[in-house]
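Each ligand, and each atom within it, is numbered from 1 in the order the structure gives. Heads up: numbering here begins at 1 and tracks the sequence.
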Amino acid sequence: MKLEELGYNDFFETNRKKLKLDDFSVARVIAEYKGAYKIKNSVGEYFAKVTGKRIFNAVSREDYPAVGDWVVIKEQDAEWAVIKEVLPRQTLIKRKYNSKNGIQIIATNIDIAFVVESIGRDFNLNRFERYFAIADDGKVQSTIILNKIDLISQEELDSKLTQIKNRFKNVDVILTSALTDVGLEELRSYILAGKTYCFLGSSGVGKSSLINKLLEENAIETNDISFQTNRGKHTTTGREMYFLKNGGIVIDNPGMREVGMTNTNEGVDNVFDEITKLATKCKFIDCSHISEPGCNVLSALNSGGLDEKKYSNYISLKKEADFYNMTEAEKKEKDHKFGKFIKKAKKEIEKYKG
Ligand SMILES: Nc1nc2c(ncn2[C@@H]2O[C@H](COP(=O)(O)OP(=O)(O)OP(=O)(O)O)[C@@H](O)[C@H]2O)c(=O)[nH]1
Ligand SMILES: [Mg+2]
Ligand SMILES: [Zn+2]
């Protein structure tokens, strides 16, 4: 495969030259395992590790390669290569996945995020907005895939679609069934050659099933099989890139339970642009739109001009992003004060006992 067919473009080439890395080969990270990567270029595929120097200089998770990255490599033999550098990223999707501000890069250099939900208990408008925020924050556009539409009647489907359209004005929606193939052609023609699409969503919504259909082969294991082998709920456990016959590039991801905001403020503001616009007319420039007088967001909410559910989801996502943004130092300070408080409380108890 040519590099362009793997998604390479002028942006990466310009940066490679600027960084004076044109003596090395480049390759794209197509899969990530514990401690190793699979990379691919016009010569073929290699397993790869990052150099010791790179690990030593890494300050955060974002310094490590992720699926989708273009990396500069040195081939060791026919099977192995060493990753020397990660080329600057065009786009990036990351999330917070635990309460300790653990960050995970989901994928990089993505053109479109397919946010997949299925009919049934999984259907949740707030969750869509969560994904939109992390995608937008990394400059990635989102498209909704509503899967398993074979499970409901046309009336129920219409009602779901109306809810989506009312809440999200500018998002494309593709309705699919990986069981009956409805919508598969539409999805296929939505995917363009040389562009990269990332499938996101909870476990079991049918991400891998849809990709298998697009690939026209059962390349990825889906839930049925793992159920027989008793391997727990998450069927897909790694991130991996696949190449479609029409030239499209897709990435399958494990289902995600937590899609937490990091420093996602800009993404949240863009996704809730209706609220961001209202907020320009609030009395206070640092209005939090919760209780301040002269808040234009609250007045739109009270007059019915702003969807209540949209508002409350906006407030929670904002809070999450703000919380993340408190520096580690501030958190330490808080921990320190709390420690002191506990110490004092213990003393008081001792005194009382005494
Ligand atoms: N009825 C119906 N079932 C589907 C459809 N798509 C997928 N399924 C089933 O849903 C189950 C889960 O599908 P997967 O493709 O493994 O889901 P996934 O999103 O990849 O899940 P994880 O890998 O755990 O994140 C499987 O039993 C599929 O056969 C659909 O459109 N309709
Ligand atoms: Mg899967
Ligand atoms: Zn306000």
Can we say R188 and E185 salt-bridge, meaning some charged N sits less than 4.0 Å from an Asp/Glu carboxylate O?
-> yes

Does NZ or CZ of K40 lie under 6.0 Å from the centre of the six-membered ring of F243, at an angle within 45° of the ring axis?
-> yes

Just heavy atoms, cut-off under 4.0 Å: does D150 contact ligand 1 by side chain, backbone, both, or neither?
-> side chain

At a 4.0 Å threshold, what atoms of ligand 1 neighbour a non-hydrogen atom of S208?
-> 15 (O), 20 (O)

In plain terms, say whether E258 and K96 are close enough for a salt bridge, that is, a side-chain N and a carboxylate O under 4.0 Å apart.
-> no

Got more than 12 heavy atoms from elsewhere within 6.0 Å of CD, E5?
-> yes

Would you call the rings of W70 and Y8 parallel, tilted or perpendicular, where under 30° means parallel and over 60° means perpendicular?
-> perpendicular

Per-atom contacts of ligand 1 with S177, taking only distances under 4.0 Å to non-hydrogen atoms = 31 (O)

Among S118, S209, G120, closest by heavy atom to atom 13 (O) of ligand 1 is S209

Of all the atoms in ligand 1, which lie at a distance below 4.0 Å from a heavy atom belonging to A178?
-> 6 (N), 30 (C), 31 (O)

Can you tell me, to 10 degrees, how wide the angle at the Zn ion (ligand 3) is between SG on C282 and SG on C295?
-> 110°

Per residue H289, nearest N, O or S atom to the Zn ion (ligand 3) is named ND1

Between K160 and E156, is there a side-chain N and carboxylate O pair less than 4.0 Å apart?
-> no

Identify whether the distance between the nearest side-chain nitrogen and carboxylate oxygen of K94 and D137 falls below 4.0 Å.
-> no

Hey, is T180 touching ligand 1 through its side chain, its backbone, both or neither, going by heavy atoms under 4.0 Å?
-> neither

State whether S209 contributes an N/O/S atom found under 2.8 Å from the Mg ion (ligand 2).
-> no

Is K148 close to ligand 1, meaning an N/O of one under 3.5 Å from an N/O of the other?
-> yes

So is G204 in contact with ligand 1, going by heavy-atom distances below 4.0 Å?
-> yes

L151: numbered ligand 1 atoms lying under 4.0 Å from its heavy atoms | 1 (N)

Using 30° and 60° as the class limits, which term best fits the ring planes of Y33 and F47: parallel, tilted or perpendicular?
-> tilted

In plain terms, say whether E13 and K18 are close enough for a salt bridge, that is, a side-chain N and a carboxylate O under 4.0 Å apart.
-> no

K38 and E32 ion-paired at < 4.0 Å | no

Can you sort out which atoms of ligand 1 are near P254, meaning under 4.0 Å from one of its heavy atoms?
-> 25 (O)

The single option from N41, N109, T196 passing side chain to side chain donor-acceptor pair (under 3.5 Å) against R28 = T196

Answer yes or no: does an N/O atom from K207 fall short of 3.5 Å to an N/O atom of ligand 1?
-> yes

Which of the numbered atoms in ligand 1 are below 4.0 angstrom from a heavy atom of T222?
-> 15 (O), 16 (O)

For E221, is at least one N or O under 3.5 Å away from an N or O on ligand 1?
-> no

Which ligand 1 atoms are under 4.0 Å away from a heavy-atom of V205?
-> 17 (O), 19 (O)

The atoms of ligand 1 lying under 4.0 Å from a heavy atom of G255, numbered in the order shown, are 25 (O)

